[in-house]
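Read the numbers this way: they start at 1 and go in the same order the structure lists the ligands and their atoms.
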Amino acid sequence: MKSGDARVALIGFPSVGKSTFLSLMTSTASEAASYEFTTLTCIPGVIEYKGANIQLLDLPGIIEGAAQGKGRGRQVIAVARTSDVVIMMLDATKGEVQRSLLERELESVGIRLNKCKPNIYFKPKKGGGISFNSTVTLTQCSEKLVQLILHEYKIFNAEVLFREDCSPDEFIDVIVGNRVYMPCLYVYNKIDQISMEEVDRLARRPNSVVISCGMKLNLDYLLEKLWEYLALTCIYTKKRGQRPDFTDAIILRKGASVEHVCHRIHRTLASQFKYALVWGTSTKYSPQRVGLTHLMEHEDVIQIVKK
Ligand SMILES: Nc1nc2c(ncn2[C@@H]2O[C@H](COP(=O)(O)OP(=O)(O)OP(=O)(O)O)[C@@H](O)[C@H]2O)c(=O)[nH]1
Ligand SMILES: [K+]
Ligand SMILES: [Mg+2]
């Protein structure tokens with residue numbers, strides 16, 4: 001069940017330390033042992049951090065071919081798709097190949113790690129052929145190639161506008177749809193087993209954090225990074241004539257609207273809503289009068305006025 005303010009999935013090969021990590025970071029105990037496939041089902045735990053409840057999911061270890069249904073891989077990957085951030089846990093004593101194998105597994109089921117959705121406008125039409133335009137110079141795709149790709153997918157009428165210099169694979173992602181774009185933290189565990197030089201090299205890799213669950217090393221830093229990758233939006237409420245309540249933030253996912261804030265305060269508040277006053281970076285003026293569809297930004301203050 002999805003609960004809390006955000007969800008983080010622990011993905012990795014067997015025995016990299018996923019369960020050890022869950023037991024350390026949450027009040028849930030997940031069995032850890034030196035043999036592979038100790039965990040056979042999804043074990044949820046909760047990390048409480050900066051007033052947010054972050055659901056952490058310990059999952060069975062996945063192996064090569066997981067996406068094709070080997071082991072419990074398919075279920076694990078289905079859970080990963082629903083999370084807000086993936087922690088890819090890796091054994092620092094093993095080679096880089098584990099990382100590329102896992103990336104390939106996730107890639108093959110349409111999960112895109114640390115990538116933005118390609119900025120391409122694509123609209124299938126009933127007729128009129130293919131209209132192709134771009135606002136930037138394209139170095140990887142051409143009108144001809146785009147047409148070929150579309151024909152491959154049996155699309156003969158569509159409007160295509162490249163707003164970014166995308167690759168053919170990125171264009172295919174847009175046509176196929178159903179892709180999820182997800183932040184991923186590569187966490188190298190068991191650094192107690194490798195040299196300082198190795199630790200230093202891994203720590204400098206992009207999107208990477210080095211830890212040791214065994215020796216409780218660098219776990220605070222990992223939490224800080226996780227918080228950054230979750231990019232949650234904290235909203236403070238204020239009553240008329242009073243100061244904002246900075247002790248109790250409402251925590252929402254990025255892109256949340258005033259309506260989301262209302263629902264979080266009370267089930268029926270949105271139906272009694274007249275307008276809201278918002279202070280912060282989401283508005284031009286502070287305060288600004290806004291409606292239910294207004295999008296909130298991190299650390300905005302809101303005062304809701306009822307009918
Ligand atoms: N040296 C060292 N051993 C660790 C560390 N973290 C975990 N381990 C050991 O690694 C082994 C596997 O840990 P688990 O937590 O069971 O690993 P898992 O990824 O959950 O494994 P599966 O559930 O089988 O996929 C255990 O013997 C742990 O004690 C660490 O930081 N350093
Ligand atoms: K294990
Ligand atoms: Mg486990």
Side-chain angles (χ1 to χ4, degrees), residues 1 7-47 54-83 85-106 109 111 113 182 184-205 207-226:
M1 192 154 40
R7 169 182 268 193
V8 177
L10 281 169
I11 300 289
F13 282 113
S15 282
V16 294
K18 301 179 293 299
S19 302
T20 310
F21 181 70
L22 182 98
S23 301
L24 267 181
M25 306 304 278
T26 72
S27 56
T28 305
S30 184
E31 196 193 334
S34 58
Y35 58 88
E36 303 200 333
F37 303 108
T38 310
T39 310
L40 295 174
T41 175
C42 173
I43 317 271
V46 178
I47 301 176
I54 303 161
Q55 188 181 46
L56 183 67
L57 302 178
D58 181 22
L59 294 160
I62 61 175
I63 49 171
E64 227 184 315
Q68 283 89 50
K70 288 227 179 92
R72 278 160 208 271
R74 211 195 287 267
Q75 292 98 304
V76 172
I77 287 166
V79 172
R81 266 187 91 98
T82 67
S83 62
V85 167
V86 163
I87 288 185
M88 192 179 287
M89 192 160 277
L90 302 158
D91 186 330
T93 67
K94 304 223 165 114
E96 278 300 298
V97 59
Q98 41 167 358
R99 173 170 164 167
S100 42
L101 283 173
L102 285 176
E103 280 175 327
R104 220 173 303 149
E105 290 295 332
L106 296 180
V109 292
I111 298 177
L113 302 175
M182 199 173 288
C184 172
L185 259 179
Y186 299 95
V187 175
Y188 292 90
N189 186 30
K190 309 195 186 181
I191 54 164
D192 50 287
Q193 301 284 311
I194 58 171
S195 68
M196 275 310 290
E197 290 73 28
E198 266 299 280
V199 172
D200 188 59
R201 190 186 63 82
L202 293 174
R204 287 171 195 278
R205 300 211 51 180
N207 309 306
S208 302
V209 176
V210 295
I211 61 164
S212 163
C213 290
M215 293 185 72
K216 299 200 174 79
L217 294 176
N218 219 19
L219 298 172
D220 289 345
Y221 178 70
L222 173 52
L223 267 184
E224 267 174 49
K225 273 283 160 196
L226 183 59

Compute the minimum heavy-atom distance from Tyr35 to ligand 1 and say whether it is under 4.0 Å.
yes

Rounded to the nearest 0.5 Å, the CG atom of Leu59 sits from the OG1 atom of Thr41 at a distance of 8.5 Å

Note: Asn218 and Tyr221 closest approach over all heavy atoms is OD1-CB, 3.2 Å

Nearest protein heavy atom with distance in Å, relative to atom 17 (O) of ligand 1:
Gly17 N, 3.1 Å

Just which atoms of ligand 1 are under 4.0 Å from any heavy atom in Gly61?
25 (O)

Considering non-hydrogen atoms only, spot the tightest contact between Met25 and Ile47 and give its length.
O-CG1, 4.0 Å

Against heavy atoms of Phe37, which atoms of ligand 1 measure under 4.0 Å?
24 (O)

Donor-acceptor pair, Ser23 side chain versus Ser30 backbone, under 3.5 Å?
yes

Can you tell me if Ala33 has an N, O or S atom under 3.4 Å away from the K ion (ligand 2)?
yes

Out of Glu36, Met215, Lys18, Met89, whose heavy atom sits nearest atom 19 (O) of ligand 1?
Lys18

Using side-chain heavy atoms (C-beta onward) and a distance below 4.5 Å, is Ile211 in contact with Met89?
yes

Taking both backbone and side-chain atoms of Glu31, is any N or O found less than 3.5 Å from an N or O belonging to ligand 1?
no

List the closest protein heavy-atom neighbour of atom 23 (O) of ligand 1: residue, atom name, distance to the nearest 0.1 Å.
Thr39 OG1, 2.7 Å

Under 2.8 Å: N/O/S of Ser15 next to the Mg ion (ligand 3):
no

Ranked by distance from atom 8 (N) of ligand 1, the top protein heavy atom is Lys190 CE, 3.8 Å

Got a donor-acceptor contact below 3.5 angstrom from the Gln98 side chain to the Phe13 backbone?
no

Between Leu113 and Cys184, what is the shortest heavy-atom contact and its length?
CD2-CB, 3.8 Å

One finds that the ligand 1 atoms under 4.0 Å from a non-hydrogen atom of Gln193 are 1 (N)

Can you tell me if an N/O/S atom from Thr20 lies under 2.8 Å from the Mg ion (ligand 3)?
no

State, to 0.1 Å, how close Ser15 and Asp91 come at their nearest heavy-atom pair, and which atoms those are.
O-OD2, 4.4 Å

Which option out of Pro60, Gly12, Ala33, Ala32 puts a heavy atom nearest to atom 26 (C) of ligand 1?
Ala33

Does Ser15 bring an N, O or S atom to under 3.4 Å of the K ion (ligand 2)?
yes

Which pair of non-hydrogen atoms, one from Thr28 and one from Gly45, has the smallest distance, and what is that distance?
OG1-CA, 3.4 Å

For ligand 1, indicate whether the residue Asp192 contacts it via side chain, backbone, both or neither (heavy-atom separation under 4.0 Å).
side chain

For Phe21, which of Thr26, Ile87, Val187, Asn189 qualifies under side-chain contact (heavy atoms from CB on, under 4.5 Å)?
Ile87

To which protein heavy atom is atom 22 (P) of ligand 1 closest, and what is the distance rounded to 0.1 Å?
Ser15 N, 3.6 Å

I'd like to know if the K ion (ligand 2) has an N/O/S atom from Thr38 within less than 3.4 Å of it, counting both backbone and side-chain atoms.
yes

Would you mind running through ligand 1 and noting each atom that sits below 4.0 Å from a heavy atom of Ser212?
31 (O)

Distance, nearest 0.5 Å, that separates OG1 of Thr82 from CD of Gln55
8.5 Å

Subset of ligand 1 atoms that lie under 4.0 Å from at least one heavy atom of Ser34:
27 (O)

Is it the case that over 12 heavy atoms from other parts of the model lie below 6.0 angstrom from the CZ atom of Phe37?
yes

Tell me whether the K ion (ligand 2) has Tyr35 as a neighbour, meaning an N, O or S atom of it below 3.4 Å.
yes

Minimum-distance protein heavy atom relative to atom 30 (C) of ligand 1
Gly214 N, 3.3 Å

If you apply the rule salt bridge (charged side-chain N to carboxylate O under 4.0 Å, His left out), what do you find for Arg99 with Glu103, and how did you get there?
CA-CA 6 Å; Arg99 173 170 164 167; Glu103 280 175 327; 3.7 Å; yes

Within reach of ligand 1, part of Asn189 (heavy-atom separation under 4.0 Å)
side chain

Is it the case that the side chain of Ser195 and the backbone of Glu198 share a donor-acceptor pair, with hydrogens and angles ignored and the cut-off at 3.5 Å?
yes

Among all protein non-hydrogen atoms, which one is nearest to atom 13 (O) of ligand 1, and what is the separation to 0.1 Å?
Thr20 OG1, 3.5 Å

